[in-house]
Amino acid sequence: MKKVRVAIVGANGYTGGEMVRLLAGHPSVELAALTSRQFAGKNITDVFPALRGIIDMPLIELDTSAVARTCDVAFLAVPHTQAMPIAADLVKQGIRVVDYSADFRLKDPEVYEKWYKAPHTEPALIKKSVYGLPELHREEVRRAQLVALPGCYPTGAILALAPAVKYGIIDFNEIVINSMSGVSGAGQTPSSQTHFPEIADNLRAYAVTSHRHTPEIDQELSSVAGKEVHALFTPHLVPANRGILSTVTASMTSETSAANLADLYRTYYKDAPFVRICEPGVYPELRFVRGSNYCDIGLAYDRRTRKLISISALDNICKGAAGQAVQCMNIIFDLPEQSGLRFGGLTP
Ligand SMILES: NC(=O)c1ccc[n+]([C@@H]2O[C@H](COP(=O)([O-])OP(=O)(O)OC[C@H]3O[C@@H](n4cnc5c(N)ncnc54)[C@H](OP(=O)(O)O)[C@@H]3O)[C@@H](O)[C@H]2O)c1
């Protein structure tokens, strides 16, 4: 069978490197181009020695014409604003594009410009893009020429809430999302906020009331609800490398139990191989999902306050980015959805 030929733009970054790790072991993929500006001419194993003996490929400068000529799909693991022109160029040349950045996630370019404080230069392309969360948009992903991968926080938050929103069992005005993320979520460029002495042995909330993933969470939950939803989202940085744990609370519209909630969520996710609903009384932990494409969800009902508690855990670089990208690629090219992703978390 003909293999899917893949280009990874930004292969030397955290999510690009994870993509190389995942695709090097994918049975239906041939890695055709790995690009980097800083490391062009070096081998991918010079940047990621963990890949020695598995792959031997040079990093090259991006040439969009060559990528379009030789590849079936390009993954853009580059910062927001940088993906826009590259995606436009590649889409015009007819190949599939999966973008990791925020450039095509928000359906309203004005909302993008407000939250990202940058002009949107390709508003017409937004209409062509599909929000790449297969658990909500599997059939649209299958047909999409441009997939906008969700942010890492929104993946965990939306999966923790979608069934409750869909079945209307919570008050849409009372949703609170508290997420805790490992530091790799900020990418590989160090900053004073992510420097080891600043974050080791420390905890902090950041971007309170202003995190850029907020409108994305609202957009997708509103689409599931069929009416406007505004969630209060507060991210926290924790001294871990990978992983996001989100604790979501919302007022219930009627009495329930953890067992009922687990049944409801299992029904909603019956065709979603990467969502694992925990047994009542069991809650997700980062170590069970780290390095894997799973999102674990644990549910509780607090009778005293009549609140739903939904806790999700995922690996920000895998299910939050590169693993989700592989899952979308599998769907687009009619491969088994779990192909190349059949492994659990790294524990201990
Ligand atoms: N880290 C996460 O957990 C996570 C999760 C979900 C989504 N994302 C999103 O995924 C994207 C990549 O994130 P990351 O964490 O992997 O970032 P990163 O570690 O900082 O890597 C960024 C990559 O982009 C390349 N790059 C930058 N500007 C470029 C340009 N104009 N043209 C071509 N390549 C360019 C860089 O390589 P050169 O400078 O060598 O070209 C580098 O390889 C971002 O949009 C981010 O928001 C990240």
Side-chain angles (χ1 to χ4, degrees), residues 7-22 33-44 46-48 58-64 67 74-90 97-106 112 115-116 118 121 131-133 147-159 179-191 193-194 207 211-213 216-217 235 237-238 240-246 286 289-291 293 295 313-328:
I8 302 172
V9 180
N12 57 305
Y14 278 175
T15 58
E18 178 77 345
M19 197 68 187
V20 179
R21 180 178 81 90
L22 295 174
L34 305 179
T35 87
S36 165
R37 298 166 310 168
Q38 298 173 67
F39 297 99
K42 296 217 181 291
N43 199 285
I44 184 74
D46 295 330
V47 183
F48 297 113
L59 288 158
I60 55 172
E61 290 278 355
L62 172 62
D63 172 345
T64 51
V67 165
F75 295 95
L76 311 186
V78 305
H80 68 274
T81 69
Q82 305 298 302
M84 265 184 265
I86 306 173
D89 189 352
L90 291 170
V97 174
V98 178
D99 175 26
Y100 293 40
S101 86
D103 286 353
F104 299 99
R105 292 177 195 156
L106 296 166
Y112 176 90
W115 287 82
Y116 287 86
T121 55
Y131 192 75
L133 190 59
V147 171
L149 282 182
C152 44
Y153 282 123
T155 296
I158 294 165
L159 291 177
S179 297
M180 288 148 277
S181 174
V183 187
S184 62
Q188 67 184 359
T189 307
S191 75
Q193 299 295 299
T194 57
H211 196 280
R212 289 162 163 176
H213 287 169
E216 195 182 321
I217 295 170
L237 210 53
V238 300
N241 275 339
R242 286 172 178 243
I244 294 177
L245 190 126
S246 297
L286 291 189
V289 293
R290 192 177 289 131
N293 198 48
C295 176
L314 52 73
D315 182 316
N316 54 297
I317 302 186
C318 205
K319 178 61 174 163
Q324 187 124 275
V326 175
Q327 191 182 346
C328 287

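Quantities reported herein were computed from a predicted structural model and do not represent experimental measurements. Just so you know, ligand 1 is whichever comes first in the structure, and atom 1 is the first atom listed for that ligand.
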I'd like the name of whichever of [options] reaches closest to [atom] through any heavy atom.
{"atom": "atom 16 (O) of ligand 1", "options": "V183, N12, L59, T15", "result": "T15"}
{"atom": "atom 24 (O) of ligand 1", "options": "G13, A77, G16, G185", "result": "A77"}
{"atom": "atom 25 (C) of ligand 1", "options": "S101, G10, P85", "result": "G10"}
{"atom": "atom 8 (N) of ligand 1", "options": "Y100, F39, Y14", "result": "Y100"}
{"atom": "atom 17 (O) of ligand 1", "options": "G187, G151, C318", "result": "G187"}

* Asked: In this structure, are over 12 heavy atoms from other groups packed under 6.0 Å from D46 atom CG?
  ->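 Check passes, neighbour count above 12.
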* To do: Would you name the heavy atoms of Q324 and G132 that are closest together and state the gap between them?
  =>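 The pair with the smallest heavy-atom distance is CG-O, 3.6 Å.
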* Asked: Counting both backbone and side chain atoms, is some N or O of T189 under 3.5 Å from an N or O of ligand 1?
  ->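 Checking ligand 1 against T189, no N or O pair falls under 3.5 Å apart.
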Please list the nearest protein heavy atom to [atom] with its residue and the distance rounded to 0.1 Å.
{"atom": "atom 1 (N) of ligand 1", "result": "S184 O, 3.1 Å"}
{"atom": "atom 32 (N) of ligand 1", "result": "I86 CD1, 3.9 Å"}
{"atom": "atom 3 (O) of ligand 1", "result": "N316 ND2, 2.8 Å"}
{"atom": "atom 45 (O) of ligand 1", "result": "V78 O, 2.7 Å"}
{"atom": "atom 26 (N) of ligand 1", "result": "R37 NH2, 3.8 Å"}
{"atom": "atom 18 (P) of ligand 1", "result": "Q188 N, 3.7 Å"}
{"atom": "atom 6 (C) of ligand 1", "result": "G320 O, 3.1 Å"}

* **Nearest-0.5 Å distance, CD1 of residue I44 to OG of residue S36** =>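 If we round to the nearest 0.5 Å, I44:CD1 and S36:OG are 8.0 Å apart.
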* To do: Output the distance between atom OG (S184) and atom CG (D315), rounded to the nearest 0.5 Å.
  =>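 Reported to 0.5 Å precision, the distance equals 7.0 Å.
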Number the atoms of ligand 1 from 1 as they appear, then name those within less than 4.0 Å of a heavy atom of [X], with their elements.
{"X": "A321", "value": "5 (C), 6 (C)"}
{"X": "H80", "value": "45 (O)"}
{"X": "Q82", "value": "28 (N), 30 (C), 31 (N)"}

* To do: Evaluate the side chain to side chain donor-acceptor pair (under 3.5 Å) criterion for residues Y131 and E216: first the C-alpha distance (whole Å), next the side-chain angles of each, then the deciding distance (0.1 Å), finally the verdict.
  => CA-CA 10 Å; Y131 192 75; E216 195 182 321; 2.7 Å; yes
* Take K319 and L159 through the test side chain to side chain contact (heavy atoms under 4.5 Å, CB included) and record every step on the way to the result. => CA-CA 11 Å; K319 178 61 174 163; L159 291 177; 4.1 Å; yes
* Would you sort out whether M84 and F104 count as a side chain to side chain contact (heavy atoms under 4.5 Å, CB included), showing the intermediate values? => CA-CA 8 Å; M84 265 184 265; F104 299 99; 3.9 Å; yes
* Answer yes or no: is there a donor N or O on one side and an acceptor on the other, between the side chain of R21 and the main chain of G17, under 3.5 Å? =>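 Not confirmed, R21 side chain does not pair with G17 backbone.
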* Asked: What do you think, any protein heavy atom under 4.0 angstrom from atom 34 (N) of ligand 1?
  ->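 Yes.
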* Asked: Only one of V78, V9, T64, L59 forms a side-chain contact (heavy atoms from CB on, under 4.5 Å) with T35, so which one is it?
  ->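 Only one option passes, and that is V9.
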* To do: Kindly determine whether D103 and Y112 satisfy side chain to side chain contact (heavy atoms under 4.5 Å, CB included), including the steps that lead there.
  => CA-CA 8 Å; D103 286 353; Y112 176 90; 2.6 Å; yes
* Derivation and outcome, side chain to side chain contact (heavy atoms under 4.5 Å, CB included), residues R105 and R212 -> CA-CA 11 Å; R105 292 177 195 156; R212 289 162 163 176; over 6 Å; no
